[in-house]
Amino acid sequence: MAISLNTIFGVHDSALIYQSKRAEVLASNMANADTPGYKARDFNFKDVLSQLEGGQPSNLKTTHSKHIGLSTSPASVDLAYRIPTSSSLDGNTVDAKVEQAQYAENAMNYQTSLRFVNGKISSYLSALRGE
Amino acid sequence: MSLYNIFDIAGSGMSAQTTRLNLVASNMANADTVSSSTGETYRARQPVFATVLQNEVSSHQQSAAKGVRVMGVVESEAPLRQEYAPQHPMANDEGYIFKPNVNMVEEMANMMSASQSFKNNVEMLNTAKQLLQQTLKIGQ
């Protein structure tokens, strides 16, 4: 069995990059909860996933053989705007409670990915030690 | 590592909310300051927040990290409270005194909103710190 060091973590290394990027975006939303005219942003997970699978985001297509595809890093997906649940007078679309919940969920996902990476590392270590 | 940017973002949020709390405190402390002309009277002050770009990211992508800053402080345009009190030591020639246009109910609500936003930023910073610490312990 050939072991490639590039692929031992599966999707989890890209997942960690994506989740740390998303934490940053959600933090920006939260910090701007009282800024007039600020529009809450987030990643569209569908686009991120198709990007990782080597495809293009749903709104972009290569229609010619000489078109250059976008990079396949999860961080290069364009941000989308959140659809506000209630409008406010100053044009701000941040709902602090929604952002808080999303941030908590994202932190949980990050920890899950970390757990998987750690599990991989310890199983490879025990295989190397021959225990 | 973009988790480090959260420290800057949350920090900017906390500093902006502190300015807001400071202004609320100033407004409430001066709510009963009396003067004898409209020009000298204290007016309620409010901060104006604006988004600030933390870092410039490469060409085709919009910058993700955005903090907040206080763009300026504006004085309320609401009319001052004018009272007829000829016995008051600050009364003008016609016997009027002027009181600030501070609305206590508004200020209280503002204070609660600011402290809640501050707390949110602190929680966010703590979570980011925990995530980073766990990341540093990877493979141990």
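Each chain gets a letter, A, B and so on, in the order its sequence line appears, and its residues count up from 1.
Open room surrounds CZ on A:R115; 12 or fewer heavy atoms of other groups in view lie less than 6.0 Å from it. Residue B:Q133 places its CD atom among more than 12 non-hydrogen atoms of other residues, nucleotides or ligands, all under 6.0 Å distant. More than 12 heavy atoms of other residues, nucleotides or ligands lie within 6.0 Å of CG in B:L136, so this atom counts as buried by the packing criterion. Heavy-atom neighbours of B:M112 CE from other residues, nucleotides or ligands within 6.0 Å: at or below the threshold of 12. Counted within 6.0 Å of NZ on A:K120, heavy atoms from surrounding residues, nucleotides or ligands total 12 or fewer; the atom is thus considered open.
For the options B:V48, B:N121, B:L125, B:T51, heavy-atom pairs under 4.5 Å to chain A are most numerous at B:T51.
In this structure, chain B has a heavy atom under 4.5 Å from the side chain of A:A96, while its backbone stays farther away. The contact between B:A128 and chain A is made by backbone and side chain atoms together, counting heavy-atom distances below 4.5 Å.
Formation of a donor-acceptor pair under 3.5 Å by the B:N5 side chain with backbone atoms of A:E24 is not found in this model. Listed for the A:Y103 side chain is a donor-acceptor partner under 3.5 Å among the backbone atoms of B:M124.
Note on B:L132: it clusters hydrophobically with A:V117, by side-chain heavy-atom contacts below 4.5 Å among ILVMFWY residues. Note: the hydrophobic cluster containing A:M108 does not contain A:Y110 (ILVMFWY, side chain heavy atoms under 4.5 Å, direct or indirect links). Note: the hydrophobic cluster containing B:V73 does not contain B:F49 (ILVMFWY, side chain heavy atoms under 4.5 Å, direct or indirect links). At a threshold of 4.5 Å between side-chain heavy atoms, the hydrophobic network of Ile, Leu, Val, Met, Phe, Trp and Tyr places B:L3 and A:F9 in one connected group. Hydrophobic clustering (side-chain heavy atoms under 4.5 Å, transitive across Ile, Leu, Val, Met, Phe, Trp, Tyr) keeps B:L80 apart from B:Y42.
Residues A:E99 and B:N120 have side chains that never bring a donor and an acceptor to within less than 3.5 angstrom of each other.
Contact record, B:G139 with A:N118: N-OD1, 2.7 Å, taken as the closest heavy-atom pair. Of all non-hydrogen atoms in A:A31 and B:V68, the two that sit nearest each other are O-CG1, 3.5 Å. The shortest heavy-atom contact between B:Q134 and A:L114 is CB-CD1, 3.7 Å.
The CD atom of B:E123 sits 9.0 Å away from the CE atom of A:M30 when rounded to the nearest 0.5 Å. Atoms CG and CZ, on A:D34 and B:R20 in that order, are 4.5 Å from each other to the nearest 0.5 Å. For the atom pair CG of A:L16 and CD1 of B:I138, the computed distance is 6.5 Å after rounding to the nearest 0.5 Å. To the nearest 0.5 Å, the span separating CD on A:Q111 from CG on B:L131 amounts to 5.5 Å. Note: A:N32 CG to B:R69 CZ = 11.0 Å, rounded to the nearest 0.5 Å. Atom CZ in A:R22 sits 13.0 Å away from atom OG in B:S2 (nearest 0.5 Å).
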